[in-house]
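All values below come from the heavy atoms of this structure, side chains included, with hydrogens, waters and symmetry mates left out.
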Amino acid sequence: MAASKPASVGPLVGAVVQGTNSTRFLVFNSKTAELLCHHQVELTQEFPKEGWVEQDAKEILQSVYECIERTCEKLTEMNIDISNIKAIGVSNQRETTVVWDKFTGDPLYNAMVWLDLRTQSTVEVLSRKIPGNSNFVKSKTGLPLSTYFSAVKLRWMLDNLRTVQRAVEEGRALFGTIDSWLIWSMTGGINGGVHCTDVTNASRTMLFNIHSLEWDKELCDFFEIPMNILPNVCSSSEIYGLLKAGTLEGVPISGCLGDQSAALVGQMCFQEGQAKNTYGTGCFLLCNTGHKRVFSEHGLLTTVAYKLGKNKPACYALEGSVAIAGAVICWLRDNFEIISKSDEIETLAKEVGTSYGCYFVPAFSGLYAPYWEPSARGIICGLTQFTNKCHIAFAALEAVCFQTREILDAMNRDCGIPLSHLQVDGEMTNSKILMQLQADILHIPVVKSVMPETTALGVAMAAGAAEEIEVWSLDLDDLSATLTERYEPQIQATESEIRYSTWKKAVMKSMGWVTSQVPERKDSAVFSCLVPNCDKGTEELFLISFS
């Protein structure tokens with residue numbers, strides 16, 4: 001009997017979603033936005049010292065290739081012709097920093113992950129160089145000087161790693177966030193790979209002027225970063241190059257968005273005032289401000305939301321960033337072992353239905369928006385002899401919701417028009433108890449898309465809409481409405497306010513745990529940092545040096 005012919009489905013668009021904990025490749029039907037198939041690979045993180053977070057950039061690249069190949073195998077088994085895949089988009093964890101050798105293709109050091117805290121001394125040294133009455137860094141970038149962003153990670157590498165210093169001196173070094181590393185490698189690497197990034201990722205480096213949409217010489221001089229190692233900045237939707245290896249060799253890579261911008265596009269928040277919150281490793285609330293750059297007075301970031309075409313205008317967003325959201329569940333699983341699988345957190349929390357006065361502030365990497373307080377550390381307070389693991393599980397979920405409430409409050413004050421509801425996405429939104437808690441604590445409805453892969457959908461839309469690809473229409477009239485689940489508040493506003501005000505007391509107690517005295521920078525410098533060791537009930541002295 002003759003084999004059946006592959007089904008005619010398409011055109012199709014693939015989406016690489018490279019996150020902190022995993023890599024995925026997903027394939028969508030560009031006419032219906034239907035997700036046809038996907039594959040996921042979990043990634044390892046390395047914690048070589050307290051506050052250090054690293055990943056193997058080669059492992060990340062290999063995971064992308066593996067996901068593409070396995071997804072194509074699954075499509076073939078489904079009798080779907082993979083030649084219908086007309087374009088690929090790349091979405092990535094932002095701020096994570098890679099430096100590699102353009103002649104060997106090898107990373108010169110592990111990727112420094114966005115959560116990494118080792119650059120606090122670098123931040124303090126740099127902050128003294130900014131004139132007190134004129135923060136030109138924030139006015140040009142929309143960002144506060146923080147360990148979060150790529151420029152200080154790159155500065156640390158240049159100060160501390162001789163391999164990186166030498167590669168820069170010899171003209172061998174290339175810098176990029178994960179999108180740049182992947183696109184360069186996938187389009188040929190040492191054999192003509194395209195060294196580029198898009199405006200959304202560039203805007204998270206602290207080297208990019210969000211007004212001119214270019215690398216800024218004054219910023220590069222301030223951070224002492226040579227501009228010749230930076231990638232070319234492109235729009236979020238254009239052909240960057242062709243895939244040069246594997247089953248999909250020859251397919252254009254034509255979309256690139258930082259993961260949070262991709263989720264904003266995937267949630268179809270194209271109009272000014274629309275907002276979404278993504279619950280992943282961290283938590284990220286973005287509000288579209290249109291073509292206006294709105295500078296926050298309440299601890300939020302001004303960032304580029306997207307630029308969907310070479311000749312299209314950039315749109316901007318206000319963003320509130322929470323460092324630890326889903327990561328707190330992983331911490332309870334891996335470090336405390338009170339659950340063996342992440343989804344068990346829901347069972348424990350449901351068993352008690354309350355934290356019983358227990359509050360959890362997961363400031364493992366300091367506090368991001370709206371505080372930007374690197375001295376904070378995680379605490380669990382309000383404990384009694386009655387407290388058990390179920391209460392702590394509930395408090396962990398509640399902490400994610402409280403952190404979101406803080407950001408939403410700041411956003412409402414900056415925008416002047418309170419959000420009437422919150423659109424949500426991300427893996428944690430599968431938790432019904434979390435979604436109900438979020439509605440209760442915000443005291444507005446929470447609206448979840450039934451199709452949870454909004455980050456992948458967003459970058460697929462950007463790739464499919466690119467000039468010369470044009471298989472995906474971004475006209476509002478052509479976009480399919482998505483099915484949603486809606487969670488309404490179920491508690492009184494007074495109860496919500498009492499719980500929230502108690503949480504804020506706990507946040508205040510989490511601050512000031514790490515203190516440092518940083519000397520003026522000379523040819524080399526050393527400073528000390530007293531860090532509490534909860535295992536030993538002591539403080540340990542860390543000596544950190546740089547040159």
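Taking the ring axis of Trp513 as reference, the NZ or CZ atom of Arg377 does not stay both within 45° of it and closer than 6.0 Å to the ring centre. For the pair Arg155 and Phe223, the NZ or CZ position fails the cation-pi test of under 6.0 Å to the six-membered ring centre and within 45 degrees of the ring normal.
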Side chains of residues 363-370: which donor-acceptor pairs under 3.5 Å do they make with residues two or more places apart or in other chains?
residue, atom, partner, partner atom, Å
Ser365, OG, Leu115, O, 3.4
Tyr368, OH, Trp114, O, 3.3

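The backbone N or O of Gln45 sits nowhere less than 3.5 Å from a side-chain atom of Glu54 that would complete a donor-acceptor pair. Judged by distance alone, with hydrogens and angles left aside, the side-chain atoms of Ser355 form no donor-acceptor pair with the main-chain N or O of Phe394 at under 3.5 Å. A donor-acceptor pair under 3.5 Å links the side-chain atoms of Glu373 to the main chain of Ser375, judged by distance alone. In this structure a side-chain-to-backbone donor-acceptor pair under 3.5 Å is present from Thr141 to Val137. Without hydrogens or angle criteria, Thr429 side chain to Gly426 main chain gives a donor-acceptor distance under 3.5 Å. Gln403 contributes a side-chain N or O that, together with a main-chain N or O of Ile324, makes up a donor-acceptor pair within less than 3.5 Å. Side chain of Ser22 to backbone of Gln40: no donor-acceptor contact under 3.5 angstrom is found. Side chain of Thr281 to main chain of Ala327: no donor-acceptor pair is present (N/O by atom type, distance under 3.5 Å, no hydrogens or angles). Listed for the Thr71 side chain is a donor-acceptor partner under 3.5 Å among the backbone atoms of Phe25. Proximity of a side-chain donor or acceptor of Gln271 to a complementary backbone N or O of Gly290 within less than 3.5 Å is not detected.
Ser203 and Thr303 share a side-chain donor-acceptor pair at under 3.5 Å. In this model, a donor atom of one side chain and an acceptor atom of the other lie less than 3.5 Å apart for Ser296 and Asp414. Side-chain contact of Glu42 with Asn21: a donor-acceptor pair under 3.5 Å is absent, judged by distance alone. In this model, a donor atom of one side chain and an acceptor atom of the other lie less than 3.5 Å apart for Thr197 and Asp179. Looking at Thr44 and Glu59, their side chains do bring a donor and an acceptor atom within 3.5 Å of each other. When only modelled atom types and interatomic distance are considered, Glu124 and Gln120 share a side-chain donor-acceptor pair under 3.5 Å. For Glu488 and Gln436, the side-chain atoms include no donor-acceptor pair closer than 3.5 Å.
The side-chain hydrogen bond (donor to acceptor under 3.5 Å, both in side chains) check on Asn277 picks up Tyr279, Thr404, with sequence neighbours excluded. Checked against ring pair (Phe, Tyr, Trp, His ring centres under 6.0 Å), Phe208 has the following partners two or more places apart in sequence or in another chain: Trp215. Residues passing the salt bridge (Lys or Arg N to Asp or Glu O under 4.0 Å) test with Asp425, sequence neighbours excluded: none. In this structure Lys140 satisfies the salt bridge (Lys or Arg N to Asp or Glu O under 4.0 Å) test together with Asp216, Glu218, sequence neighbours excluded. A search for side-chain hydrogen bond (donor to acceptor under 3.5 Å, both in side chains) contacts involving Asp409 returns Arg405, Tyr500, not counting sequence neighbours. The side-chain hydrogen bond (donor to acceptor under 3.5 Å, both in side chains) test applied to Glu453 returns Arg24, not counting sequence neighbours. Partners of Glu272 by salt bridge (Lys or Arg N to Asp or Glu O under 4.0 Å), not counting sequence neighbours, listed by chain and number: Lys292. Thr23 meets the side-chain hydrogen bond (donor to acceptor under 3.5 Å, both in side chains) test with Gln18, Ser63; sequence neighbours excluded. Taking the salt bridge (Lys or Arg N to Asp or Glu O under 4.0 Å) definition, one finds that Lys504 meets it with Glu406, sequence neighbours left out.
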**OP:** List the steps and the verdict of side-chain contact (heavy atoms from CB on, under 4.5 Å) for Lys276 and Leu286.
**Re:** CA-CA 6 Å; Lys276 67 87 201 174; Leu286 271 69; 4.1 Å; yes
**OP:** Take Val265 and Phe270, measure what side-chain contact (heavy atoms from CB on, under 4.5 Å) needs, and give me the verdict at the end.
**Re:** CA-CA 7 Å; Val265 172; Phe270 292 122; 3.8 Å; yes
Original post:
Please walk me through it: do Leu61 and Leu182 pass side-chain contact (heavy atoms from CB on, under 4.5 Å)?
Top reply: CA-CA 6 Å; Leu61 176 62; Leu182 294 179; 3.9 Å; yes
Original post:
Can you check salt bridge (charged side-chain N to carboxylate O under 4.0 Å, His left out) on Glu497 and Arg499, steps first, answer last?
Top reply: CA-CA 5 Å; Glu497 292 304 317; Arg499 285 158 63 177; over 6 Å; no
**OP:** Any chance you could lay out the salt bridge (charged side-chain N to carboxylate O under 4.0 Å, His left out) test for Glu351 and Lys389, step after step, and finish with the verdict?
**Re:** CA-CA 10 Å; Glu351 193 173 316; Lys389 64 181 182 180; over 6 Å; no
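Sorted by first then second residue, the salt bridge (Lys or Arg N to Asp or Glu O under 4.0 Å) pairs that include residues 338-350, not counting sequence neighbours, number zero. Annotation: salt bridge (Lys or Arg N to Asp or Glu O under 4.0 Å) contacts involving residues 314-335, sequence neighbours excluded, comprise Arg94-Glu319, Arg204-Glu319.
The ring pair (Phe, Tyr, Trp, His ring centres under 6.0 Å) test with Phe360 is passed by exactly one of Trp503, Trp331, Phe402: Trp331.
What you find for Phe295 and Lys138 is that their closest heavy atoms are CE2-O, 3.5 Å. The two residues Asn288 and Cys269 make their nearest non-hydrogen contact at ND2-O, 2.8 Å. Closest approach of Ala317 to Thr289, counting heavy atoms only: N-OG1, 3.7 Å. Contact record, Ser510 with Ile379: N-CD1, 3.8 Å, taken as the closest heavy-atom pair.
To the nearest 0.5 Å, the span separating CG on Leu442 from SG on Cys401 amounts to 7.5 Å. Here the straight-line distance linking atom CD1 of Ile392 with atom CG of Leu383 works out to 6.0 Å at 0.5 Å rounding.
A distance below 6.0 Å separates the ring centres of His391 and Tyr356.
Using a cutoff of 4.0 Å between basic side-chain nitrogens and carboxylate oxygens, Asp56 and Lys58 are not scored as salt-bridged.
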